[in-house]
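Shown next, in C-alpha cells, is the structure this report addresses.
Atoms within a ligand are numbered from 1 in the order they appear, just like the ligands themselves.
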Amino acid sequence: MMKTKILNQNEVAKAAEIIRGGGLVVMPTETVYGLGADAFNPEAIANIFKAKGRPMDNPLIVHIGKIEDLKRVVSEIPETALKLASAFWPGPLTMVLPKAEEIPVQVSAGLSTVAVRYPAHPLAETLILLSGTQIAAPSANLSGSPSPTKLEHVIADMDGRVDAILDGGECEVGLESTVISLVGDKPRLLRPGGVTVEEMEKVIGEIEIDPAVTDKMKEGQTAASPGMKYKHYAPKAKVVIVKGTDEQYVHYVNSKKAKGVGAICYDEDAPKLHVPFFSLGPKADSTAQARNLFSVLRSVDDAGITLAYARCPKIDGVGLAVYNRLIRAAGFEVMALA
Ligand code: TXA
Ligand code: MG
C-alpha cells in the first residue's frame with residue numbers, strides 16, 4: 001500500500017497548496033524528479049534534508065517559473081547570467097550567483113551564493129507559478145542513490161517521506177542539470193549536464209572546467225560544489241569502467257562471466273555478450289545514454305548484479321555528463337585495456 005498521494009497533471013493546484021502550506025512535493029522536471037518545498041520557508045527546507053537523508057552542508061537548487069523571478073533569489077545579475085538565461089532557460093542549466101538575503105541559509109548551506117534554475121517542464125513551471133513562491137529542490141532520491149527519472153524510482157525512494165508526488169512520467173534528459181558558477185573571475189563548470197560546455201561557450205566565451213568534473217578529489221581539497229565530494233549516483237553493485245575498443249570490451253567482459261557479473265553496454269555490444277547486459281543506448285547517441293543511465297543503474301541492482309563492467313562514455317558534449325555520473329558510480333575505478 002502506498003502511503004504518499006500521487007497527483008496527476010490535473011491536480012497541480014493541490015500540489016501548489018501543499019507547497020504554500022510548507023509541505024514537501026516531488027515534482028517532475030525535464031532532467032530528473034525534484035523534492036520540492038517553499039524556498040523561503042526554513043522549516044520546510046529542513047524537512048527536505050530529513051526526507052533525503054542529505055548532509056546539511058550540501059546546498060539546494062532554487063527553481064523559478066519565469067526569468068523575471070531571478071531577482072527574487074539572487075542579489076546580483078551579471079551580464080553572463082542574462083546571456084545564459086536568454087539562451088538556455090527554461091532548460092537544464094543551473095547558475096550559481098550571489099545569494100539574495102531573503103534566501104534562508106538552510107538552502108545555501110551557509111554559502112554566500114545560491115544555485116538557480118528555470119526548469120523546462122510544464123508541470124514544474126505551473127507548480128512554481130501557482131504556489132506563488134520559488135521552489136527549492138534537490139533530486140528526489142535518497143542521498144547516495146541514483147537520481148529518479150521515472151515515477152517508480154520516486155516511489156521506491158520517497159513513498160511515506162513526502163506529502164505528495166506529482167506524476168510527470170519519464171524525465172526527458174535523464175541526468176541532472178548543468179551547474180555553472182558565475183561568481184569567480186571566469187565562468188566555471190561545476191557539473192556537466194544537458195546544456196553542454198560547447199553550447200555555452202558560443203554564448204559567453206571560455207569556461208573553466210572544475211577538476212572534480214572528471215577526476216577524483218584529493219584528500220583535504222575543498223569542493224567548489226559541495227555535492228561533488230559525496231559518493232554519488234551509486235548503485236549497490238560494484239561498477240568498473242572498461243576502457244578499450246569494442247572488441248576488447250566484449251572479449252574482456254565475456255572472460256569474466258560468473259554469477260552476479262553483468263555488463264553496462266551499448267546496443268551494438270549486446271548481441272555479442274555472454275553475461276546479463278543493460279544497454280545505455282546506441283554507441284553514438286550520448287543523449288540516449290544520458291536518458292537511460294540512472295534507470296540502468298537501478299535495473300542492475302534489481303537484477304541482482306554485484307559486479308558490472310561498463311563502457312567508457314566519450315567525454316565531449318552530453319557524453320561528458322554521462323561520463324561524470326558513471327565515473328562516480330564506479331568510484332573512479334577504470335580498467336584500461338588499450
Ligand atoms: O536537474 C537538476 O539540477 C535537479 C532538478 C530537480 O532540478 N536537481 C538536482 O539537485 O540535481 P541536487 O541537489 O541533487 O544537486 C545540486 C548540485 C549539488 O551538487 C550541489 O552541491 C550544487 O548543485 N550546488 C547547489 N548550490 C550550490 C552553490 N551555491 N554553490 C555550488 N554548488 C551548489
Ligand atoms: Mg542529487
Side-chain angles (χ1 to χ4, degrees), residues 25-37 39 45 48-49 51-65 73-75 88-100 103-121 123-125 127-128 134-149 153-154 157-158 166 168 171-184 188-195 210 212-213 217 222-234 290 294 321 324-325 328-329:
V25 174
V26 174
M27 65 172 180
T29 83
E30 81 281 29
T31 57
V32 301
Y33 277 85
L35 168 50
I45 299 302
I48 289 182
F49 284 88
K52 264 188 79 102
R54 182 176 177 105
M56 294 294 290
D57 65 349
N58 195 3
L60 308 180
I61 296 173
V62 177
H63 297 73
I64 60 177
V73 178
V74 308
S75 63
F88 302 110
W89 276 359
L93 177 65
T94 296
M95 297 189 228
V96 173
L97 290 164
K99 172 179 112 51
I103 295 288
V105 292
Q106 287 85 350
V107 170
S108 63
L111 297 176
S112 60
T113 55
V114 65
V116 195
R117 178 164 110 79
Y118 175 5
H121 193 293
L123 292 184
E125 187 178 307
L127 175 63
I128 299 164
Q134 273 61 242
I135 296 186
S139 49
N141 51 287
L142 291 172
S143 204
S145 293
S147 294
T149 58
H153 304 159
V154 175
D157 279 17
M158 287 297 149
L166 189 53
C171 302
E172 202 181 306
V173 178
L175 293 181
E176 309 86 346
S177 60
T178 304
V179 179
I180 188 167
S181 169
L182 300 175
V183 294
R188 194 175 179 84
L189 180 78
L190 302 182
R191 181 174 74 182
V195 174
D210 195 273
V213 167
M217 289 185 51
T222 42
S225 179
M228 296 257 200
K229 69 177 182 240
Y230 294 106
K231 184 163 189 231
H232 238 210
Y233 317 114
F294 288 145
N324 170 271
R325 306 314 191 272
R328 281 170 171 71

Could you tell me which atoms of ligand 1, counted from 1 in the order shown, lie closer than 4.0 angstrom to a heavy atom of [X]?
{"X": "His63", "value": "5 (C), 6 (C), 7 (O)"}
{"X": "Pro138", "value": "10 (O), 12 (P), 13 (O)"}
{"X": "Gly34", "value": "6 (C)"}
{"X": "Ile61", "value": "3 (O), 8 (N), 9 (C), 10 (O), 16 (C)"}
{"X": "Thr31", "value": "1 (O), 2 (C), 4 (C), 5 (C)"}
{"X": "Leu111", "value": "28 (C), 29 (N), 30 (N)"}

Any nitrogen or oxygen of [X] lying under 3.5 Å from a nitrogen or oxygen in ligand 1? Just yes or no.
{"X": "Lys52", "result": "no"}
{"X": "Thr113", "result": "yes"}
{"X": "Tyr33", "result": "no"}

Check Val114 against Val107 and note the closest heavy-atom contact, atom names and distance.
-> CG2-CG1, 4.4 Å
Taking atom types as modelled and ignoring hydrogens, do the side chains of Glu176 and Ser147 form a donor-acceptor contact shorter than 3.5 angstrom?
->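 Short answer, yes.
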Can you find a side-chain donor-acceptor pair between Ser177 and Thr31 that sits under 3.5 Å?
-> no
Tell me, please, if Asn141 has any N/O/S atom, main chain or side chain, under 2.8 Å from the Mg ion (ligand 2)?
-> no
Which is closest to atom 18 (C) of ligand 1 by heavy-atom distance: Leu97, Val173, Asn58, Leu175?
->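 Residue with the shortest heavy-atom distance to the ligand atom: Asn58.
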Which is closest to atom 15 (O) of ligand 1 in terms of heavy atoms, Lys99, Arg191, Arg188?
-> Arg191
[atom1]/[X] to [atom2]/[Y] distance, rounded to the nearest 0.5 angstrom?
{"X": "Leu142", "Y": "Asp157", "atom1": "CG", "atom2": "CG", "answer": "4.0 Å"}
{"X": "Tyr33", "Y": "Thr29", "atom1": "OH", "atom2": "OG1", "answer": "9.5 Å"}
{"X": "Ser108", "Y": "Asp57", "atom1": "OG", "atom2": "CG", "answer": "12.0 Å"}

Has the side chain of Lys52 got a donor or acceptor atom that lies under 3.5 Å from a matching backbone atom of Ser139?
->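 Present.
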Between the side chain of Arg188 and the main-chain N/O of Gly184, is any donor-acceptor distance below 3.5 Å?
-> no
Would you kindly specify which portion of Met27 sits under 4.0 Å from ligand 1, judged on non-hydrogen atoms: side chain, backbone, both or neither?
-> neither
Salt bridge Glu30-Arg117, side-chain N to carboxylate O under 4.0 Å | yes
